[in-house]
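Values in this document were obtained by computation on a predicted structure and should not be read as measured data. Chain A is the first sequence line, chain B the second, and so forth, proteins listed ahead of strands; every chain is numbered from 1.
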Amino acid sequence: MIKSKFVPLFLIFLGLISILSYILRPDPSTDIYLNIIYLIPSFLATILGIDLLKRMGVKNKKGNIYLLLTIAVALWFVGESLWFLYKIVLDLDHFPSYIDVVYLAAYPIFFVAFWKEYKLNKIIWTTKKILISSISAVTLTSLTGYYGIYMSYDAEASFWENSFSILYGVGDLAIIFVLILIIMIVSSYQKGKFLSIWIYFLLAMLFTIFADILYAMYYQEYNKGIKIFQYLDLLWIISFIFFAQGFYKANKIIFEIQSNLINKK
Amino acid sequence: MLVKERVLESALKIISDNLGDYTAQLYKDFYNSQEPEIIIISVSELMTDMLGAQNADKIVQELKQNI
């Protein structure tokens, strides 16, 4: 296990460095330093996910869920790295391309992971839960449906460009559905130690969906490199930091149980 | 299968599913010398600590059905 107690502190430090860098550097869209900073959180989340899998194994139910989450995060890391290579290093226009396939492949994997966790917890639906879920679902679905699907259609764009743009919107809709599931999962954990893990995953997915919705709303300004809209990257960075912290927390909890048992022997 | 074996098997499956195979292996060493009632109490406490009382109750009810 990555034993360092400094992992959470490092993740906070990374978040602060990222925020400061985006504010201080003049042109985030083409800045190679910022684009490297952007890759670090998804790389760390992937490494911490793999580290958790080494402790958990993957043939048990929770291990299988963490495996799916790690694969999904790893796919986004690979997608971000390829994007960095093509856009920043080689300066190639690449939409749509196989990089988008890598990004999009993560969405159904996230969906399956959270669905499995939901089924594992045998959630009991109360009126309050149904009400909160319905309001959240209608609000987020309306925003994503309008900006992510309806507004993303461009009559002048090619069939493939439109298809991929719409697919991102559909992926976000799937994420909204799992967000509702994660809220139910979190509520079922009450005061259990696993609560913190799933709060981190919930925050990670919330930041992702807000970043995606805002990107869908302002993608033209973002792609023109207007600085204020480049701050959207920070939401994705924070999302990966929460994923990393969730994996680390799960690993730490299990490590402590195992250590106690070994010490009792 | 004896009651203890059934409870032990179910308890280890619960621990493995939530905390991984190695943790279950460590608990197996501890549970081998324990009575079924003690195993159930131990699993109940562990799951309450990890998953919260509501989730733990559901799991422990299923475990008790093995007696």
Check against side chain to side chain contact (heavy atoms under 4.5 Å, CB included), A:L140 and A:F210: CA-CA 9 Å; A:L140 291 170; A:F210 280 123; 4.1 Å; yes
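Between B:E62 and B:K58 there is no salt bridge, since none of the side-chain N atoms of the basic residue sits less than 4.0 Å from a carboxylate O of the acidic one. Salt bridge present: A:K62 and A:E117 bring a charged side-chain N and a carboxylate O closer than 4.0 Å.
For chain A, the nearby parts of B:A53 are the backbone and the side chain; heavy atoms of each come within less than 4.5 Å. Heavy atoms of A:I253 lying under 4.5 Å from chain B belong exclusively to its side chain. When heavy atoms are compared at a cutoff of 4.5 Å, B:T48 approaches chain A solely by way of its backbone atoms N, CA, C and O.
Panel note: side chain A:N64, backbone A:N60; no donor-acceptor pair is recorded below 3.5 Å.
Side-chain atoms of B:Q54 and A:Y189 include no donor-acceptor pair closer than 3.5 Å.
Note: A:F110 and A:W76 have tilted aromatic rings, judged against thresholds of 30 and 60 degrees for the angle between ring planes.
By number of non-hydrogen pairs under 4.5 angstrom with chain B, the leading residue of A:G63, A:A250, A:S188 is A:S188. When each of B:L19, B:N55, B:T23, B:D29 is scored by its heavy-atom pairs under 4.5 Å with chain A, the top score falls to B:N55. Of the listed residues (A:I197, A:I254, A:N121), the greatest number of heavy-atom pairs within a distance under 4.5 Å of chain B belongs to A:N121. Most heavy-atom pairs under 4.5 Å with chain B, from the set A:K193, A:K191, A:K59: that is A:K193.
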